Amino acid sequence: MALELFDSKTQTVREFVSLKPHQVSMYVCGPTVQSAPHLGHLRSALVYDLLRRWFEASGYAVTMVRNVTDIDDKVLVNAEAAKRNWKEFALEVEDTFNDAYSALGLLEPTHSPHATEHIADMIALVESLISKGHAYQAQDGSANVFFDTSSWPNYGSLTNQKPENMEGESEVSFGKRNVNDFALFKAHKSDEPESAAWQTPWGLARPGWHIECSAMAKHFLGNAFDIHGGGLDLRFPHHENELAQSSANGDAFANYWLHNALVTIEGQKMSKSLGNGISVAALLEVGSWSAIRYWLSSAQYRSNLDYSANSLRDAQSALDRIGGFVRRAKLITSVTSTEFPEDFVLAMNADLNIPAAIAVIHECVRSGNTALDAQDMESLNRYLAQVVAMVDVLGLTFEQPKELSAELTAKIEGLIELRAEAKLNKDFAKADQIRATLTDFGVTLEDLPNQTIWSING
RNA sequence: GGUGGAGUGGCUGAGCGGCCCAAAGCAGCAGCCUGCAAAGCUGUCAAACCACGGGUUCAAAUCCCGUCUCCACCUCCA
């Protein structure tokens, strides 16, 4: 079965057929670097990372673009509030995103362009739109440039909305012709830093949010590309506007539109105004990066994912189960092949049904554990190979959370040896005391038939 | 007002006409294993109406109609 994806423009599940054989081009909306990342940003980035990994595992060469919006109202406002230079501020915030992405095990996109590096592309696109009658300079003579929604009958086609039903602004302002018209360039304001304005054919201005993505997608992927992805909350206005600009310009733009659902906290979307956002720092108090990745993968990408106090603990337990099997199996055998169980492939191809795919992993782990107990090496080898292949393509890891010094490691292993001796001498009181001591230090022992292995928890 | 989506066991969360007396995980219980634990395995836990009420069908969690509740978006948002 081929990969099927839900295309949110046609609102149907469509078989994925790439524009060019064995190649996939995807554009994903990255962050506006206005404040530190939260769970929602991580989920969105992870969804497209998983899709990209699955494409690669399926034999496609993937070109993935994830932009950085480093010039925007909020960047300037938040930098000003922090009394910081906006460029430094944006870079600093971007670093926190990159740190989180990398800790979460996301692969680097092929390109991570910054909006400020592509002003010329945006100007060219806007000039083209003006020449085609789809954009205009503000009627008040300012450097504001707007997209003329009345010139584009398809405006609203991505989100199936009619302009007259849109709430919009109540009055035509800033020199717009229609209330629904949106900014392509925003005229420089006197209270904004001069470094945040560029010389354009219409005067000193900075780009609007939507034109950035259209210009960068065109720059890196051309007029037509396979997939455009982003969070559900970007469908309107951001993606609607991107589509309007690019298609009015005559570009085919994205063939498939993907939108990931949001992360909720006790049923409600995270937002700063509700004060229920979960910062990355707060998460790491509760769980590891690998648990966060596992948990974020545990709902299909179009389903809401609800965060609660036990989420990461539960995810860690489930992950430990998989990791425990791999660890024990690798003590007596090694991976000699790469193969995915058929059910896993079916799940991944069914609009990236990661939770169903994870269920297959757990089924293989259970069978693998049984094979391990029975010392059935043939089955064990097969299950181990399958589990490792699946875990790899999902980017799941089981690293020890803490690095221990050689000295400490030796000490722990010394104690384990003492305990083994005590057990041999049937001095169980002493053996239990050693185990209790290690437990107090956060060391968990696992007695296998011929040896004891240990790990650090917490 | 418009546009999408959702309501499945104690919790998370798949399934979206027959393989469903509903996957998987977490939590709980019992047995096996163990000196005792932990881990593992097995069984169990469990949905007396898959939000509620109708309907279509040989067959419905899944399709249709109605109702209720919830969420998101409608020019800041992943």
Side-chain angles (χ1 to χ4, degrees), chain A residues 8 11 28-32 34-35 37-48 72-74 77 156 159-169 179-183 208-210 229-238 240-241 259-264 267-273 294-295 298-300 302-311 313-322 324-325 327-328 343 347 350 353-363 365-366 368-370 372-374 423 426-429 431-432 435-436 439 444-449 452-453 455:
Chain A
S8 40
Q11 292 173 32
V28 177
C29 280
T32 297
Q34 49 146 317
S35 54
H38 58 60
L39 262 178
H41 297 106
L42 298 182
R43 181 181 195 194
S44 185
L46 176 61
V47 163
Y48 302 104
D72 190 61
D73 300 30
K74 283 263 170 116
V77 168
T159 51
N160 198 21
Q161 296 185 97
K162 294 185 174 125
E164 60 267 30
N165 287 331
M166 293 177 187
E167 286 179 344
E169 292 166 19
V179 285
N180 293 323
D181 291 357
F182 55 88
W209 178 31
H210 318 303
L232 195 56
D233 51 352
L234 298 187
R235 279 176 81 221
F236 194 92
H238 186 50
E240 188 73 74
N241 292 356
H259 287 102
N260 60 279
L262 309 178
V263 178
T264 55
Q268 284 206 306
K269 177 182 167 176
M270 274 187 250
S271 78
K272 294 216 162 67
S273 55
Y294 181 95
W295 176 71
S298 69
Q300 205 266 352
R302 289 193 289 124
S303 298
N304 281 342
L305 180 58
D306 197 51
Y307 180 83
S308 62
N310 290 335
S311 295
R313 187 207 61 186
D314 293 355
Q316 188 69 59
S317 297
L319 196 57
D320 285 347
R321 178 179 153 75
I322 301 169
F325 164 68
R327 186 180 189 203
R328 287 189 299 276
D343 284 349
N353 192 339
I354 308 281
I358 289 177
V360 177
I361 296 180
H362 282 289
E363 282 162 9
V365 164
R366 189 186 329 114
N369 274 323
T370 304
L372 193 60
D373 285 348
K423 281 173 68 177
K426 303 218 182 292
D427 185 355
F428 297 123
D432 288 351
R435 185 169 64 196
T439 303
T444 302
L445 300 186
E446 202 176 322
D447 287 336
L448 301 183
T452 298
I453 58 178
S455 54

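Just so it is clear: chains get the letters A, B, ... in the order the sequence lines come, proteins before strands, and each one is counted from 1. Note that this is a predicted model, so its numbers are computed, not measured.
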Practice task
Using a heavy-atom cut-off of under 4.0 Å over every strand shown, decide if A:D73 touches base, sugar-phosphate, or nothing.
Solution key: nothing
Handout entry: P spacing across the pair B:A23 / B:A51, given as an integer number of angstrom
Key = 16 Å
Handout entry: Passing candidate, side-chain contact (heavy atoms from CB on, under 4.5 Å) with A:N260, options A:V47, A:L46, A:L232, A:V28
Key = A:V47
Completion exercise
Side-chain contact check for A:L262: nearest option of B:A78, B:A39, B:C41 is B:A78
Practice task
Compare all side-chain heavy atoms of A:L39 with those of A:Y307 and state whether any distance is below 4.5 angstrom.
Solution key: yes
Handout entry: Test side-chain hydrogen bond (donor to acceptor under 3.5 Å, both in side chains) applied to A:Q34 and A:T32, step by step
Key = CA-CA 6 Å; A:Q34 49 146 317; A:T32 297; 5.5 Å; no
Exercise for the section: Please confirm whether any donor atom in the side chain of A:R435 sits under 3.5 Å from an acceptor in the base of B:A37, or the reverse. Expected result: yes
Completion exercise
Among the nucleotides B:A78, B:G35, B:C36, whichever has the atom closest to the side chain of A:D447 is B:C36
Problem - side-chain hydrogen bond (donor to acceptor under 3.5 Å, both in side chains) involving A:H362 - partner list, sequence neighbours excluded - result: A:Y294
Exercise for the section: Report the distance from atom CG of A:N241 to atom P of B:C76, rounded to the nearest whole Å. Expected result: 11 Å
Problem - Which nucleotide in B:G35, B:U3, B:A78 has an atom nearest any side-chain atom of A:K423 - result: B:G35
Exercise for the section: Please determine, by modelled atom types, if A:N369 and A:R328 share a side-chain donor-acceptor pair under 3.5 angstrom. Expected result: yes
Practice task
Answer with yes or no whether the side chains of A:T264 and A:N304 bring together a donor and an acceptor at under 3.5 Å.
Solution key: no
Problem - Whole-Å distance separating the CG atom of A:L445 from the C1' atom of B:A39 - result: 11 Å
Handout entry: Whole-Å P distance, B:G17 and B:C63
Key = 7 Å
Handout entry: Separation of the P atoms in B:G10 and B:C50, to the nearest angstrom
Key = 13 Å
Handout entry: Gap in Å between the two P atoms, one belonging to B:G2 and one to B:G66, rounded
Key = 14 Å
Practice task
Quick one: list whatever passes side-chain hydrogen bond (donor to acceptor under 3.5 Å, both in side chains) with A:D320, sequence neighbours left out.
Solution key: A:Q316
Exercise for the section: Can you tell me the distance, in whole Å, between the NE2 atom of A:H238 and the C1' atom of B:A72? Expected result: 18 Å
Practice task
Between B:G15 and B:A27, how far apart are the C1' atoms? Round to whole Å, please.
Solution key: 23 Å
Exercise for the section: Could you pull out all residues at least two apart from A:D72 that satisfy side-chain hydrogen bond (donor to acceptor under 3.5 Å, both in side chains)? Expected result: none
Practice task
Have a look at A:L234 and say if it touches a base, only the backbone sugar-phosphate, or nothing, with a 4.0 Å heavy-atom cut-off.
Solution key: sugar-phosphate
Exercise for the section: Using the C1' atoms only, state how far B:A22 lies from B:U12, rounded to an integer number of Å. Expected result: 16 Å
Practice task
Could you check if a side-chain atom of A:D314 sits within less than 4.5 angstrom of a side-chain atom of A:W295, using non-hydrogen atoms only?
Solution key: no
Exercise for the section: Send over the distance from A:D233 CG to B:G4 P, rounded to a whole Å. Expected result: 18 Å
Practice task
For B:C45 and B:G31, measure between their C1' atoms and round to the nearest Å.
Solution key: 14 Å
Handout entry: Residue mapping more 5' on RNA chain B - nearest nucleotide basis, A:F236 or A:C29
Key = A:F236
Handout entry: Side chains of A:H210 and A:P237 in contact at under 4.5 Å (non-hydrogen atoms)
Key = yes
Practice task
Pick base, sugar-phosphate or nothing for A:G324, based on heavy-atom distances below 4.0 Å to the nucleic acid.
Solution key: nothing
Practice task
Calculate the interatomic distance between A:L372 atom CG and B:G40 atom P; express it in whole Å.
Solution key: 11 Å
Problem - Atom P, compared across B:U69 and B:C52: separation rounded to whole Å - result: 15 Å
Practice task
May I ask you to say what A:G40 touches in the nucleic acid, namely base, sugar-phosphate or nothing, with a heavy-atom cut-off under 4.0 Å?
Solution key: base
Fill in the blank from the handout: Stems of at least 3 consecutive Watson-Crick or G-U wobble pairs (donor-acceptor distances under 3.5 Å) involving RNA chain B, listed by first number, are B:1-7 with B:68-74, B:10-12 with B:24-26, B:28-32 with B:40-44, B:51-55 with B:63-67
Handout entry: Length of the line joining A:N369:CG and B:G40:P, which is rounded to integer Å
Key = 7 Å
Problem - For atom CD of A:Q11 and atom C1' of B:G4, their distance in whole Å - result: 7 Å
Exercise for the section: For each nucleotide in nucleotides 9-26 of chain B, reading 5' to 3', give B when a protein heavy atom comes within less than 4.0 Å of its base, S when such contact involves only the sugar-phosphate, and - otherwise. Expected result: ----SSS-------BSSS
Problem - side chain to side chain contact (heavy atoms under 4.5 Å, CB included) involving A:R435 - partner list, sequence neighbours excluded - result: A:R419, A:D432, A:T439, A:L445
Fill in the blank from the handout: When rounded to whole Å, the CZ to P distance for the pair A:R235 and B:C76 reads 17 Å
